[in-house]
Protein chains: 2
Amino acid sequence: MEKKTITIYDVAREAAVSMATVSRVVNGNPNVKPATRKKVLEVIERLDYRPNAVARGLASKKTTTVGVIIPDVTDIYFSSLARGIDDVATMYKYNIILANSDSNSQKEIQVLNTLLAKQVDGIIYMGNKISDELRAQFEHSKTPVILAGSVDPKEELGSVHIDYVAAVEEAVSDLINHGNKRVAFISGPMDEAINSEYRLKGYKNVLAKKKIEYDPELVFETDYSYRAGEILWPAIVSAGATAAFVGDDELAAGVLNGAQDAGAGVPENFEVVTSNNSKITEIVRPKLSSITQPLYDIGAVSMRFLTKLMNKEEVTEKSVELPYGFIKRASTK
Amino acid sequence: MEKKTITIYDVAREAAVSMATVSRVVNGNPNVKPATRKKVLEVIERLDYRPNAVARGLASKKTTTVGVIIPDVTDIYFSSLARGIDDVATMYKYNIILANSDSNSQKEIQVLNTLLAKQVDGIIYMGNKISDELRAQFEHSKTPVILAGSVDPKEELGSVHIDYVAAVEEAVSDLINHGNKRVAFISGPMDEAINSEYRLKGYKNVLAKKKIEYDPELVFETDYSYRAGEILWPAIVSAGATAAFVGDDELAAGVLNGAQDAGAGVPENFEVVTSNNSKITEIVRPKLSSITQPLYDIGAVSMRFLTKLMNKEEVTEKSVELPYGFIKRASTK
DNA sequence: TATGCGTCATGAAACGCTTGCAAAAATTTA
DNA sequence: TAAATTTTTGCAAGCGTTTCATGACGCATA
């Protein structure tokens, strides 16, 4: 007793109108006489008819689905963006296909292809490194793409982000103003533009302004994990740093705890400032001073931006910059 | 110069075979002469043909997409599950439509409907409270559903989880064995079965076994936030508790910091044990002792389970129970 | 030589909906 | 009241695949 799925055709028959009319009422097309609309709606209700989105997608060439490429949902930075994306997507009647890439360019390409095969109407890419091949594929496809929470150094792709350079300048200035002459710069991989071209630049800018010589010894390139930060302390000590700017919160929590577990007093002997103001910054002790980024909003704006592109609306700017902030907590003087 | 999308028909023409044949080679159907297959493959390569998954979905009634209903991606507990789900989904060539519900039953129903409209092949539900209406819809649809990281008290839906009762028993026993006579039970909303029917039961079981009378004063029902835990300290003190079992990590971190900020020594004066062993447990000081749940695996197994249902394979058990553990850290003696 | 069988390929009907075009109906204008 | 408009409807051609009932072909068997 397989219950047959009921289609637009069944509704049309029962309501004694054509499929076209049913389609119109389902889609809210105004060209339907109110009486007819009412009649159709009743039948829809009675039969419990639900339009099949796949058939719709095939006929209209729109799936109301967008693909989201994310390095790792488990990372609070990205999941915050994702949350903003999903909320706005829902608002505009879109759904999200979420795919983890582990920041691995092979996976990214793989994932992009399946997203395109599924005919997503748009794509939001999160990640800090766009391989040439990926870039080529983005450009080759006519599906709109937005970068959320990162910036395209080549300025070809639309993106939503903060002014990383200025934010780092502010954070590092603060540290130097407290009398720190040797401030460590601790970041993730330098092959990510955000680290090598933006954050590091902000760091250098401040040094230049303060007439402090840049010392490569103070630059630590590592990965984004808590553990990586935790074991960095000996190296920080031997480089003679008395403060550190860190490009990631988990990493910063590691640095902070590594220092304290080794007996260093924070902030008396060592100051730390981090970059993303995620929950972690308030859970550790002392709480971490941090650059603040409106992560949820970045996601939300990205999605909103994407809806415009999908509707082929005119957009004036290729990328939008959201305001950042800085919150002083107990990890700095 | 809109470049026309190339279809299976174009490939068929170029390769001088029928669409049916092209379809077979694309789908790896063995009934194709090697020479023909090769010829078709070459044309596919040359034209850069990509099958349209939407058309496929319509024709085959399979979308290779599963819907995932998640309370909040931003919550590490759920995002860990989601990660496990996605990895296994990818392994089996499925994609994930991720939808946040905020544990709001209206949204859940809303989301479920759009997932079904999109013809997902299966659904994974995360959340601790299944409203009657949602349950009705699950049962009404013929799309398979699995609960990940929670258990159905009515035992109607398939699920993957740990033995919550036993896990809590172990954690609370440990606390009592350290000499604590008054152990607080701090959990999220009691209208969630996991709290009221499983965790609390484990707590009571232990009390009974240890011949300690159950005191409702020691039961704290709150929400899952860090802040909620942080402000709970005065109440804990006045209830005379010297230790606490907490049902959520962020909440536990709040309790821990609330106690310490008020000058209580942990674990000397107050012990805390939590439930999910997320990253947070190692970031706070002292580190939190915790029940350990294989979150990633729960997600992974859920998805694997779902693939079986989607393939209509025989499954012996309605629900699978994964092993939990207990890790002792510095927040308990 | 007639028959049967397995392999490989074809044709065409679904799948459930949207949409451009034209016809029909309702309304307005003269 | 007829003509001119405007509003509502219906028709039917897609959208790009899958899949099933058939057929063609080659080869072994009786």
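Lettering follows sequence order; numbering is per chain, from 1. These numbers were taken from a predicted model, which means no experiment stands behind them.
The nearest whole Å value for the distance from the OH atom in Tyr9(A) to the C1' atom in dA14(C) is 14 Å. Rounding to whole angstrom units, NZ of residue Lys38(B) and C1' of dA9(C) are separated by 19 Å. Separating the CE atom of Met19(B) from the C1' atom of dG11(C) is a distance of 10 Å, rounded to the nearest angstrom. The nearest whole Å value for the distance from the CG atom in Asp10(A) to the P atom in dC15(C) is 11 Å. Between Ile8(A) atom CD1 and dC15(C) atom C1' there is a gap of 13 Å when expressed in whole angstrom units.
In this structure, Val17(A) reaches the sugar-phosphate backbone alone: every heavy-atom distance under 4.0 Å involves primed, P, OP1 or OP2 atoms, never a base. At a threshold of 4.0 angstrom between heavy atoms, the contacts of Thr21(A) are confined to the sugar-phosphate backbone, with no base atom among them.
Proximity of Asn27(B) to Arg56(B): side-chain heavy atoms (C-beta onward) are separated by under 4.5 Å at one or more points. Side chains of Val40(A) and Arg24(A) form no contact here, defined as non-hydrogen atoms less than 4.5 Å apart. Contact of the Val160(B) side chain with the Arg304(B) side chain is not registered, since no non-hydrogen atoms from C-beta on lie closer than 4.5 Å. Annotation: side chain of Asn100(B) is in contact with side chain of Val73(B) (closest heavy-atom distance under 4.5 Å). Considering only heavy atoms from C-beta on, Ile96(B) comes within 4.5 Å of Val66(B) through its side chain. No side-chain heavy atom of Tyr94(B) sits less than 4.5 Å from a side-chain heavy atom of Leu306(B).
Classification of Arg13(A) and Asp10(A) as a salt-bridged pair holds, one side-chain N sitting under 4.0 Å from a carboxylate O.
Taking a 6.0 Å sphere around CD of Glu313(A), one finds it holds more than 12 heavy atoms contributed by other residues, nucleotides or ligands.
Evaluation of the salt bridge (charged side-chain N to carboxylate O under 4.0 Å, His left out) test over residues 76-95 of chain A, restricted to residues two or more places apart or in two chains, returns Arg83(A)-Asp87(A), Arg83(A)-Asp72(B), Arg83(A)-Asp102(B).
Boundaries of the chain A contact region on DNA chain D are dT8(D) to dG16(D), first to last in 5' to 3' order (nucleotide atom under 4.0 Å from a heavy atom).
The phosphate of dG16(C) (OP1 or OP2) has no side-chain N or O of Thr7(A) nearer than 4.0 angstrom.
Of the residues in residues 41-66 of chain B, those with a non-hydrogen atom less than 4.0 angstrom from any atom of DNA chain C are Leu58(B), Ala59(B), Lys61(B).
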